[in-house]
Amino acid sequence: MFNFVDKFTVPHFLLTLSEGHVCEARKNSCAHGGDERREFISSDGAGLAVEFSGFLPRPTIVEGGEAVVILLGSPIYDDTTVDPTSAAKALLNDFGTKTVLELLDGEFLAIRFDKYKGTLDVINDRWCSIAFHYYISPDRSMFCASPCFSSLWALLKNLGMLKLDQEALFEFLWFQRLFGTKTLARDVHFMPDAHELVVGSNGMSLRRYWTRNYEKNKNSLEFNAQYLADMVEESIRMKAPDDGARYGHFLSGGMDSRSVLAAFGDKPPACFTVGVSDNREVRTARNLTETMGAAHYFLQLHPEHYGMIREAAVKISGGMFNYDHALFLGYQDLVASLADVCFNGYGFDFMFQGMYIPSRNLRLAGRNLYLSKMTEPPENLADYFIGNASYRIKNADIWAFIKEPCKKDLAEFQHDSISRIIEQGKKLTHSRYDLWEYITFHHLSRHYSYPNVLSIKTSAEARILSLTNDIFDLYLSLPVKQRFEGKIEKKLLQILDPRLAAIPSANTGFPITACGIGQTFHQLYSAIRRRISRKGDYEAWTERTWPSREHALRNQQPLKNAALDIIRSDTLEQLDFLDVAKVRDQVPRWLDGENIPQISGDIVQTLTTMGTFLSPETLEF
């Protein structure tokens, strides 16, 4: 067991492009004191400044006579292995979407500055795995951007150019994430997936270079599962080559990270499991690693874990995700001492476990059974999504805390926001199942759970096994029935390593490859045993990775104190739509244990995240 250490690295990256007469004036305001700062001046006087610190993997910078290329991430070059240097050199000579489509795969953000023309060209991957937030001043004299939204936010605040986007703040309160290209700052945009952005003296342009294909294949489940297994093993070959790097993997006792571990075969990585105690989650992960012959390290959460990581987690996720999703903070020295590159199970849950396919659980004696049935979303998709998305704030009445004059406009905004995403999706597919998932995954790195990846990146280079072009194309082409109840991922696991497939799930204690009927049988059998033995139900989170939000907010004193300080301060008054008086009246009572029907841990935590980000002290670099 390894304990939490109160030490965090908050990555910083900032890029600014200014006209010659403005460049020097901006210099002092733009500098945050990064570990490295590079400046490049074009022949017409335009200046590019790049600074970064704590950013992993370290940016690759290649300079030639005509241009400089800055490459972020872990690009696979020419179907061989992750090779950012070769990729950057290729882009130096021929920067464009044709080169990207022919030679690059995996996770990357490519930036090229033309030293003659003074233009900036940016190309991202199909998933926005390295986010790119950007701002251009009204007079077009300055363009600034960053993968780290907190860095850009702090710059604009220092320059007196920051304006809050009240509608985006409301959307975050409702969904715990943002949709489309909006950010918490007006006029700061999120670069959409598979796009090329060009900035020059004539302005800015943005165009798509790749489009999703949702046409479904007609292959059998067995064929598609074997095809997926082949591609997952190929992803391991390209992303974890035998090149001397030390590989790690964040392993739970569930399905997704287990599938990644299975793909490593006879060269398993060092595995890290985070948990509240040596519980079923940790014991299952340990069993998996012993079966594979892998080293296992149990990283125990601090009793006050969320209170300890709150500020760093909010900075790392740019205030646009809840802090508890940047879970893997507090272990960076240990992880860095054992691994150079770390993997995780991100993407497998929604691609191949079908976790977001709309369904309805059968019920017995007032309880949900594991047996469920797919339910096609209705035609009025926007309203249905707003009310039923699985990650929206639950067990709370948000409208009870919204000022009456703001309610109508905010409801219309939220409907329009989701409707715009749906209209984009309808250009690609007419399947309501596909459209439902498109709303959530039009930009994969904006999903509420992505900060887990960002928190890994504070310790080591993080690579996502599921993010290759071929694997993503297969996901898009799979019949929905093959993904429902995790059918294809269960087959995948059985193909990759039947030994791991035979170990029960830590989530339930049931066979991990069981179908819905099988899981329901085990569910009923367990309920009967508890009834006979007169054992009551237990809080499920005690056997999982993290504590419930309600428990943490009410019992982790530093976190509770922080929530109370935020509520009592004037910080939340920056939210023009929020009834702060009602929040100040009711939330402290809820934190002290009172049952208030319109309040839940979700809404209190999200308000705490928002207050932390908006606090003047949080974004001091």
Could you tell me whether the side chain of [Y] reaches within less than 4.5 Å of the side chain of [X], counting heavy atoms only?
X	Y	value
Met610	Ile566	no
Glu102	Lys98	yes
Tyr134	Phe190	no
Cys148	Phe52	no
Phe328	Asn452	yes
Ile123	Phe95	yes
Cys144	Leu17	no

Test of ring centre spacing under 6.0 Å for [X] and [Y]:
X	Y	result
Trp399	Phe170	yes
Tyr391	His447	yes
Phe250	Tyr346	no
Phe143	Tyr135	no
His305	Phe4	yes

Would [X] and [Y] pass as an ion pair if we require N to O under 4.0 Å?
X	Y	result
Lys426	Glu423	yes
Lys457	Glu461	no
Lys115	Glu66	no
Glu311	Lys315	no
Lys403	Asp576	no
Arg584	Glu573	yes
Glu51	Arg38	no
Lys7	Asp333	yes
Asp602	Arg549	yes

Does Lys182 NZ have over 12 foreign heavy atoms under 6.0 Å away?
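Buried by this count: over 12 neighbours within 6.0 Å.
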Using a cut-off of 6.0 Å, state whether more than 12 heavy atoms not belonging to Arg392 lie near its atom CZ.
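Buried by this count: over 12 neighbours within 6.0 Å.
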Short question: side chain of His442, backbone of Ile439 - any donor-acceptor pair under 3.5 Å?
yes
Testing Trp127, Tyr448, Phe350 one by one against Phe441 for a ring-ring contact (aromatic ring centres under 6.0 Å, His included), which residue passes?
Phe350
Test ring pair (Phe, Tyr, Trp, His ring centres under 6.0 Å) on Phe149 and Phe321; report intermediate values, then the result.
CA-CA 11 Å; Phe149 182 70; Phe321 303 90; over 10 Å; no
Have a look at Thr97 and tell me which of Glu196, Arg207, His195 forms a side-chain hydrogen bond (donor to acceptor under 3.5 Å, both in side chains) with it.
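Of all the options given, the one that passes is Arg207.
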Does either side chain, that of [X] or that of [Y], offer a donor lying less than 3.5 Å from an acceptor on the other one?
X	Y	answer
Thr119	Asp114	no
Thr468	Asp105	no
Thr183	Asp165	no

Closest heavy-atom contact between Val188 and His133?
CG1-CB, 4.2 Å
Can you name the nearest heavy-atom pair linking His12 to Ser151, along with the distance?
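Shortest heavy-atom contact: ND1-OG, 2.7 Å.
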Please list, chain by chain and in numerical order, all residues satisfying side-chain contact (heavy atoms from CB on, under 4.5 Å) with Ser129, sequence neighbours excluded.
Glu107, Asp125, Tyr450, Leu467
